[in-house]
Amino acid sequence: MAADAAEVQMSARPVLPAAMRDASAREPALPSLIGLSRQALGAALLEAGVPEKQVRMRVGQTWHWLYLRGVTDFAAMTNMSKALRDELATRFTLARPEVVAEQISVDGTRKWLLRFPPRGAGRPVEVETVYIPEEGRGTLCVSSQVGCTLTCTFCHTGTQKLVRNLTSEEIVGQILVARERLGDFPDASVPPGAIVPSEGRLVSNVVMMGMGEPLYNFDNVKEALAIASDGEGIALSKRRITLSTSGVVPMIPRAGAEMGVMLAISLHAVRDELRDELVPINKKWPLAELLDACRAYPGLSNARRITFEYVMLKGVNDSLAEARELVRLLKGIPAKINLIPFNAWPGSPYECSEWEQIEAFAEVVNRAGYASPIRTPRGRDIFAACGQLKSASERMRKAEREALVVSAHVV
Ligand code: SAH
Ligand code: SF4
């Protein structure tokens with residue numbers, strides 16, 4: 001086990017030499033075409049001189065190259081004139097986020113530390129994205145924010161203050177990087193030795209379960225998921241995209257109506273008193289309101305259920321009485337319950353429930369007719385498991401922000 005861990009540490013290699021990384025961080029950033037809606041992409045092309053009558057066609061072509069073929073260079077867009085490609089290259093970038101480190105777990109889980117360049121004022125920020133290969137599917141766990149405004153007591157991300165929301169470009173960028181590094185674009189090949197599903201697409205599912213609360217970054221997440229599910233590009237079915245929320249109740253109906261993806265709720269407790277402590281957003285929107293919003297979520301059926309996530313904390317929320325209460329609370333909601341063994345992180349104040357207790361809890365829930373898979377912890381050795389993600393990015397201090405504004409004026 002110790003030897004495995006050492007190898008894993010060594011695989012956390014920087015992908016670019018430090019000097020190059022610093023240089024790329026200083027380059028003035030052109031606006032990107034990635035992450036724009038079709039309409040916004042059309043407006044950008046029009047601005048770049050594409051005749052109005054051609055805009056629709058050019059949007060379709062660009063979309064194909066960016067999302068289906070995964071190109072990063074305008075020169076590769078061979079069904080466009082050289083003059084147009086050159087013009088676009090002077091105005092826009094297609095650069096992906098920089099892969100600062102890639103770690104590969106003994107179980108094949110991969111974690112990337114990605115750095116996004118500053119757009120406008122600010123400094124580069126970093127987030128983590130995780131790929132979890134399983135038999136028959138490959139799930140990408142995508143971040144929506146750098147840090148989190150919420151402070152769930154069992155979550156490592158919750159100890160990192162919110163730095164900022166990710167843009168739609170940065171959310172889509174995580175999917176593109178993963179597909180590139182895994183060889184999931186046409187004509188690409190899987191890196192030797194990589195553990196990937198034996199058939200089908202390598203990134204077959206996306207879960208908004210990385211860093212941050214996606215419903216506190218609604219517009220960007222919505223835009224990005226529309227791109228991920230667009231049938232002429234990345235083309236993931238909305239049934240293969242899941243958004244997890246800690247319970248931002250007022251945004252749940254909008255998520256259903258405007259995004260139409262699968263919903264997961266970080267429940268973790270069945271009494272308000274305990275949930276107030278574990279998931280403090282509960283003080284704002286308590287259990288009854290949260291469950292009402294779930295009941296009203298559009299399109300629910302036995303084939304389209306809400307996933308309720310329940311982290312198993314020893315002696316805190318794992319009694320069989322709580323399992324029975326969980327069943328009672330969820331009555332009438334097409335639901336499945338995902339039991340997540342607690343993943344520890346440095347300084348975490350909880351312990352994971354005993355395995356027998358998790359099984360006994362699952363048994364109660366199962367007997368009541370709910371699927372209750374116990375989520376196998378993946379990538380714990382590289383801190384890639386649920387709730388272990390965190391980056392070193394910090395909010396700039398006031399003095400630093402002011403210094404930036406001053407230098408921007410001077411330039
Ligand atoms: N902010 C959103 C999305 C993050 S999803 C949300 O909270 O739903 C990450 C999932 O992992 C959530 O269900 C979260 O509650 C759970 N989680 C957080 N910390 C964990 C930990 N240490 N062990 C196991 N699960 C954890
Ligand atoms: Fe934020 Fe979700 Fe972690 Fe809570 S569990 S702190 S909402 S990322």
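Remember, it's 1-based here, ligands and their atoms both numbered in the order they're listed.
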Are I34 and L176 close enough that some pair of their side-chain heavy atoms sits under 4.5 Å apart?
-> yes
Aromatic ring pairing F342/Y350, orientation class (parallel under 30°, perpendicular over 60°, tilted between) = perpendicular
Greater than 12 external heavy atoms within 6.0 Å of R56's CZ | no
Of all protein heavy atoms, the one nearest atom 2 (Fe) of ligand 2 is G212 O, 4.5 Å
Sub-3.5 Å pairs, protein N or O with ligand 1 N or O:
| unit_1 | atom_1 | unit_2 | atom_2 | d |
| --- | --- | --- | --- | --- |
| ligand 1 | 1 (N) | G212 | O | 2.9 |
| ligand 1 | 7 (O) | S266 | OG | 3.3 |
| ligand 1 | 8 (O) | S244 | OG | 2.7 |
| ligand 1 | 8 (O) | S266 | OG | 2.6 |
| ligand 1 | 13 (O) | S266 | OG | 2.7 |
| ligand 1 | 13 (O) | E309 | OE2 | 3.1 |
| ligand 1 | 15 (O) | H268 | NE2 | 2.6 |
| ligand 1 | 19 (N) | F154 | O | 3.4 |
| ligand 1 | 22 (N) | F154 | O | 2.8 |
| ligand 1 | 22 (N) | N343 | O | 2.8 |
| ligand 1 | 23 (N) | N343 | N | 3.0 |
| ligand 1 | 23 (N) | C386 | O | 3.4 |

Before giving the answer on ring-ring contact (aromatic ring centres under 6.0 Å, His included), spell out for Y370 and F308 the whole-Å C-alpha distance, their side-chain angles and the decisive distance to 0.1 Å.
-> CA-CA 11 Å; Y370 291 101; F308 288 88; 8.6 Å; no
Ion pair present between R378 and D107, side-chain N to carboxylate O less than 4.0 angstrom?
-> yes
Does one side chain, of Q174 or T129, offer a donor that lies under 3.5 Å from an acceptor on the other?
-> yes
Within-2.8 Å protein N/O/S contacts of atom 4 (Fe) of ligand 2 = C152 SG
Which pairs, with at least one residue in residues 142-151 and sequence neighbours excluded, count as a side-chain hydrogen bond (donor to acceptor under 3.5 Å, both in side chains)?
-> Q145-N165
side-chain contact (heavy atoms from CB on, under 4.5 Å) with F116: which of L166, V146, T167?
-> L166
Considering only distance and modelled atom types, tabulate donor-acceptor pairs under 3.5 Å from the side chains of residues 253-260, sequence neighbours left out.
| unit_1 | atom_1 | unit_2 | atom_2 | d |
| --- | --- | --- | --- | --- |
| R254 | NE | E258 | OE2 | 2.8 |
| R254 | NH2 | E258 | OE1 | 3.2 |
| E258 | OE1 | K222 | NZ | 2.9 |

Compute the centroid of each ring, for F361 and then for Y310, and state whether the two points are separated by less than 6.0 Å.
-> yes
